[in-house]
Amino acid sequence: MRGGKTRAAAALAATLALAACAEPPAADRLALSAVSYDDLPGWHEDAAAEALPALVRSCATLAKRAPDASVGRDGTGGVVADWQGPCAAVRRVPAGDDVAARRVLEQWFQPYRAAGDGLFTGYYEVELDAASQPIDRFQHPIHGRPGDLVTVDVAEFVSDWKGGDIVGRIVGGKLKPYPQRRDIAQGALDGAAPVLLWAADPVDVLLLHIQGSGRARLEDGRWRRIGFAASNGHKFVGIGKTLLDKGKVRRDQASMPAIAAWLRAHPDEAAPLIDENPRYIFFRFIDGDGPVGAQGVALTPGRSLAVDPAYVPLGVPIWLDTQDPDGRPLRRLMVAQDTGAAIKGPVRGDFFWGHGPQAFDMAGRMKSRGSYYLLLPRQRSGEDGAAPRPS
């Protein structure tokens with residue numbers, strides 16, 4: 001229960017306080033330096049207005065918070081009140097007017113380059129066949145959030161904690177780790193988690209767990225959207241790494257489309273290899289637009305970016321400078337609206353490609369080096385009333 005401070009959860013958080021207080025290495029900090037818009041590669045070539053609807057969604061979410069609430073864990077984005085003027089200006093830009101979009105962004109936002117380069121991968125919204133009951137070929141469960149799962153936001157107890165949430169369940173009055181994927185496959189949930197849908201293909205279920213969202217095509221032709229609800233809290237181990245370590249595929253065969261094909265061609269070997277990833281995802285139905293990212297807004301294909309919120313505030317516009325899977329420059333305005341278990345570090349991103357076969361192909365093959373620039377309000381409030389100066 002997010003925000004529910006059970007005595008056991010509070011005790012666990014307290015045990016982490018000493019580790020949390022340790023300063024992270026300098027290399028693990030987001031180092032920002034102010035630049036001009038002329039320093040942004042391809043700034044005048046992007047259809048920047050296409051990203052503004054995504055930014056408007058993020059602005060609406062920020063507006064629901066207290067005006068003095070910090071934007072970002074360390075106040076990198078100032079406070080919510082600092083975004084009122086920029087967000088109002090963005091909302092007034094005529095649809096499709098790229099010149100006006102750039103003019104408003106240049107007026108209200110200062111670009112900062114994040115020091116160093118990093119890895120940029122891709123993700124997409126899975127499409128799969130499913131049924132509401134375990135009939136015929138539909139035998140693979142997609143679980144909802146278990147009733148006994150407890151999530152502790154350690155940042156509520158330790159302000160500079162960057163280790164993520166702690167997940168478990170109460171056993172004998174103590175918070176214990178939640179069962180791993182292998183245990184869940186063998187029945188460890190014991191009815192604690194509802195089954196939302198039954199899928200036809202276990203590889204599709206794996207892809208759904210990796211991507212975190214999907215569209216299920218039901219027996220009657222209707223589509224149901226499902227999205228991330230919770231995880232079991234265990235570390236993510238990629239199936240690609242497992243197959244490489246076991247010598248099942250070569251490095252040049254480690255794209256997600258190729259991995260999915262291998263798993264379908266070797267069903268007897270697939271299950272135990274999949275279970276070597278202890279992380280397990282629980283889902284919820286989503287009505288309306290989606291998929292929904294970690295910021296709570298519907299993601300925009302080609303404009304939403306998953307980041308590490310320990311460094312980059314959700315809702316911040318980002319200028320991305322990397323390459324697509326075919327080696328073409330990928331320089332465009334994005335919005336930080338999502339997170340991911342494998343998206344860790346000050347310069348790290350996951351590019352949302354949308355849904356469908358082309359999105360699967362692009363997301364599954366993307367693994368590019370690159371950099372990004374944060375666009376932050378020109379007037380940001382620090383504790384002393386002055387604009388904080390990124391280092």
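All heavy atoms count here, side chains included; hydrogens, waters and symmetry mates do not.
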* What residues form a ring pair (Phe, Tyr, Trp, His ring centres under 6.0 Å) with W43, not counting sequence neighbours? -> Y37, W319
* Determine whether the side chains of Y373 and D39 contain a donor N or O and an acceptor N or O closer than 3.5 Å. => no
* **Nearest-0.5 Å distance that lies between atom CG in D326 and atom CG in D361** => 7.5 Å
* Structure fact -> Residue set satisfying ring pair (Phe, Tyr, Trp, His ring centres under 6.0 Å) with F228, at least two apart, ordered chain then number -> none
* Heavy atoms, side chains only, cut-off 4.5 Å: are P86 and Q379 in contact? -> no
* Does H44 have any ring pair (Phe, Tyr, Trp, His ring centres under 6.0 Å) partners at least two apart in sequence or in another chain, and if so, which? -> none
* Do D308 and R73 sit within salt-bridge range, that is, some charged N less than 4.0 Å from a carboxylate O? -> no
* To do: Output the distance between atom CD (Q133) and atom CD (E219), rounded to the nearest 0.5 Å.
  => 8.5 Å
List, one per line, each side-chain donor-acceptor pair under 3.5 Å for residues 265-276, sequence neighbours excluded.
| unit_1 | atom_1 | unit_2 | atom_2 | d |
| --- | --- | --- | --- | --- |
| H266 | ND1 | W262 | O | 2.8 |
| E269 | OE1 | K248 | NZ | 2.7 |
| E276 | OE2 | K246 | NZ | 3.3 |

* Only pairs at least two apart or in different chains count here, so list each salt bridge (Lys or Arg N to Asp or Glu O under 4.0 Å) that has a residue in residues 40-62. => D46-R303, E50-R303
* **Of all pairs that satisfy disulfide bond (SG atoms under 2.5 Å apart), the ones with a partner from residues 342-375, not counting sequence neighbours** => none
* Asked: Among all residues two or more places apart in sequence or in another chain, which pass the side chain to side chain donor-acceptor pair (under 3.5 Å) test with R250?
  -> D252
* To do: Calculate, to the nearest 0.5 Å, the distance between atoms CG and NZ belonging to L119 and K344 respectively.
  => 14.5 Å
* All side chain to side chain donor-acceptor pair (under 3.5 Å) counterparts of W198, not counting sequence neighbours -> none
* Structure fact -> Sorted by chain and number, sequence neighbours left out, side chain to side chain donor-acceptor pair (under 3.5 Å) with E125 holds for R225
* Asked: Just one of H234, H209, Q186 clears the side chain to side chain donor-acceptor pair (under 3.5 Å) bar with R181, so which one?
  -> H209
* Asked: According to the disulfide bond (SG atoms under 2.5 Å apart) rule, which pairs have a member within residues 62-151, sequence neighbours left out?
  -> C59-C87
* Within 6.0 Å of CG in D148, more than 12 heavy atoms from elsewhere -> yes
* To do: Answer yes or no: is there a side-chain heavy-atom contact under 4.5 Å between I170 and V150?
  => yes
* **Heavy-atom side-chain proximity of T76 to L32 below 4.5 angstrom** => yes
* **Student check: side-chain heavy atoms of V312 and L305 closer than 4.5 Å** => no
* **D117 bridged to R369 by N-O distance under 4.0 Å** => yes
* Using atom types as modelled and distance alone, determine if a side-chain donor or acceptor of N232 lies under 3.5 Å from a backbone N or O of P179. => yes
* Asked: Residues in ring pair (Phe, Tyr, Trp, His ring centres under 6.0 Å) with Y178, at least two apart?
  -> none
* Any chain of hydrophobic side-chain contacts (each under 4.5 Å) joining V126 to F352? -> no
* Are R102 and V99 side-chain neighbours, meaning at least one heavy-atom pair lies under 4.5 Å? -> yes
* Where do D97 and R92 land on the salt bridge (Lys or Arg N to Asp or Glu O under 4.0 Å) test, with the steps shown first? -> CA-CA 11 Å; D97 192 334; R92 292 193 294 266; over 6 Å; no
* To do: Compare all side-chain heavy atoms of V347 with those of F120 and state whether any distance is below 4.5 angstrom.
  => yes
* What's the spacing between L206 CG and M256 CE if we round to 0.5 Å? -> 6.5 Å
* Asked: Is there a chain of hydrophobic side chains (I, L, V, M, F, W, Y, each step under 4.5 Å between heavy atoms) that links F236 to Y124?
  -> yes
* Structure fact -> NE2 of H355 to CG of L299, rounded to nearest 0.5 Å, is 12.0 Å
* Going only through I, L, V, M, F, W and Y residues with side-chain contacts under 4.5 Å, is there a path from V195 to I135? -> yes
* Asked: Should R332 and F351 count as side-chain neighbours, where that means a heavy-atom distance under 4.5 Å?
  -> yes
* To do: Taking the side chain as every heavy atom from C-beta outward, state whether L243 and Q253 have any atom pair closer than 4.5 Å.
  => no
* Run the salt-bridge test on D287 and R224 with the 4.0 Å N-O cut-off and return the result as yes or no. => yes
* Is the count of non-hydrogen atoms from other residues, nucleotides or ligands lying under 6.0 Å from Q139 atom CD greater than 12? -> yes
* To do: Determine, using the 4.5 Å side-chain heavy-atom cutoff (strictly less than), whether V237 and F282 are members of one ILVMFWY cluster.
  => no
* What residues form a side chain to side chain donor-acceptor pair (under 3.5 Å) with Y280, not counting sequence neighbours? -> H143
* Are the side chain of D245 and the backbone N or O of T242 linked by a donor-acceptor pair below 3.5 Å? -> no
* **OH-CG distance between Y112 and L30, expressed to the nearest 0.5 angstrom** => 12.0 Å
